[in-house]
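Take a look at the structure below.
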Amino acid sequence: MTVNGNLYDWESVEVQLPGGVAVGITNISYSDERPIEARYGKGSVPRGYGRKNYKATGSMELDRDEAEALREALGGSVYNSKPFQIVVSYGNDDMPTVTDTLPAVKITKSDTSAGQDDDNAGALKHDLTILAPIKWGGTPAL
């Protein structure tokens, strides 16, 4: 690890969408979970646990031109397209490249707005459902 060096920042992030490297992206977030539930029997202490379903979600915000390029790359509709892959890489000259892969993404909601004095009118926020385990740094979550 570099001391007093350049750590990961937004400039270190590269997002690969179906149409290529996204330039007009201003945010991407993703998370997953695999809850467990304590299982009780006689007494007040859990005797084990049960696993619940894996779930992964995310969102990204694209400038209007980038959102249109994505829509075109998905065949014209963000809702009717097949699941697609998003690759997010973190890297710079001082840090190793770490790559997360969102292997099967569906867009579930799109949200936009425009207003007076807006310097980025029509930017779109897409909510994502991820249908396969996220590969964190190349390792599948499950």
Minimum heavy-atom separation for [X] and [Y], please, with both atom names.
X	Y	result
D32	A56	CB-CB, 3.8 Å
G122	A114	N-CB, 4.0 Å
G138	P140	O-CD, 3.7 Å
P35	N53	CD-O, 3.6 Å
D100	G137	OD1-N, 2.7 Å

| request: Indicate whether the side chain of S29 and that of S59 have a donor and an acceptor atom separated by less than 3.5 Å. | output: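 A donor-acceptor contact under 3.5 Å links the two side chains.
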| field | Side-chain donor-acceptor contact under 3.5 Å, N120 with D63 | value | yes
| Can you check side chain to side chain contact (heavy atoms under 4.5 Å, CB included) on M60 and L70, steps first, answer last? | CA-CA 12 Å; M60 62 181 170; L70 174 62; 3.6 Å; yes
Measure the [atom1]-[atom2] distance between [X] and [Y] for me, rounded to the nearest 0.5 Å.
X	Y	atom1	atom2	result
D94	L7	CG	CG	8.0 Å
T129	K109	OG1	NZ	12.0 Å
L74	F84	CG	CZ	5.0 Å
I134	Y30	CD1	OH	7.5 Å
R71	S110	CZ	OG	10.5 Å
L62	H126	CG	NE2	5.0 Å

| message | With side-chain contact (heavy atoms from CB on, under 4.5 Å) as the test, pick out the partner of S89 among V15, V13, T97. | response | T97
| Min side-chain heavy-atom separation E68-R64 under 4.5 Å | yes
| task | Just do the side chain to side chain contact (heavy atoms under 4.5 Å, CB included) check on Y79 and T108 with the steps written out, would you? | result | CA-CA 7 Å; Y79 297 123; T108 57; 5.7 Å; no
| Are any side-chain N or O atoms of E61 and backbone N or O atoms of I25, one a donor and one an acceptor, separated by less than 3.5 Å? | no
| query | Just by distance, do the side chain of N92 and the backbone of M95 share a donor-acceptor pair under 3.5 Å? | reply |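 Answer holds: yes.
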Is there a path of hydrophobic side-chain contacts, each under 4.5 Å between heavy atoms of I, L, V, M, F, W or Y residues, that connects [X] with [Y]?
X	Y	result
I86	V78	yes
I28	V21	no
I107	V87	no

| query | Taking it one step at a time, do W10 and N27 satisfy side-chain hydrogen bond (donor to acceptor under 3.5 Å, both in side chains)? | reply | CA-CA 9 Å; W10 180 245; N27 181 290; over 6 Å; no
| task | Please assess R34 against L142 for the test side chain to side chain contact (heavy atoms under 4.5 Å, CB included), listing each intermediate value before the final yes or no. | result | CA-CA 9 Å; R34 178 80 192 268; L142 296 177; 3.7 Å; yes
| Pair K106-L131, side chain to side chain contact (heavy atoms under 4.5 Å, CB included): steps then yes or no | CA-CA 8 Å; K106 287 286 291 180; L131 301 169; 3.6 Å; yes
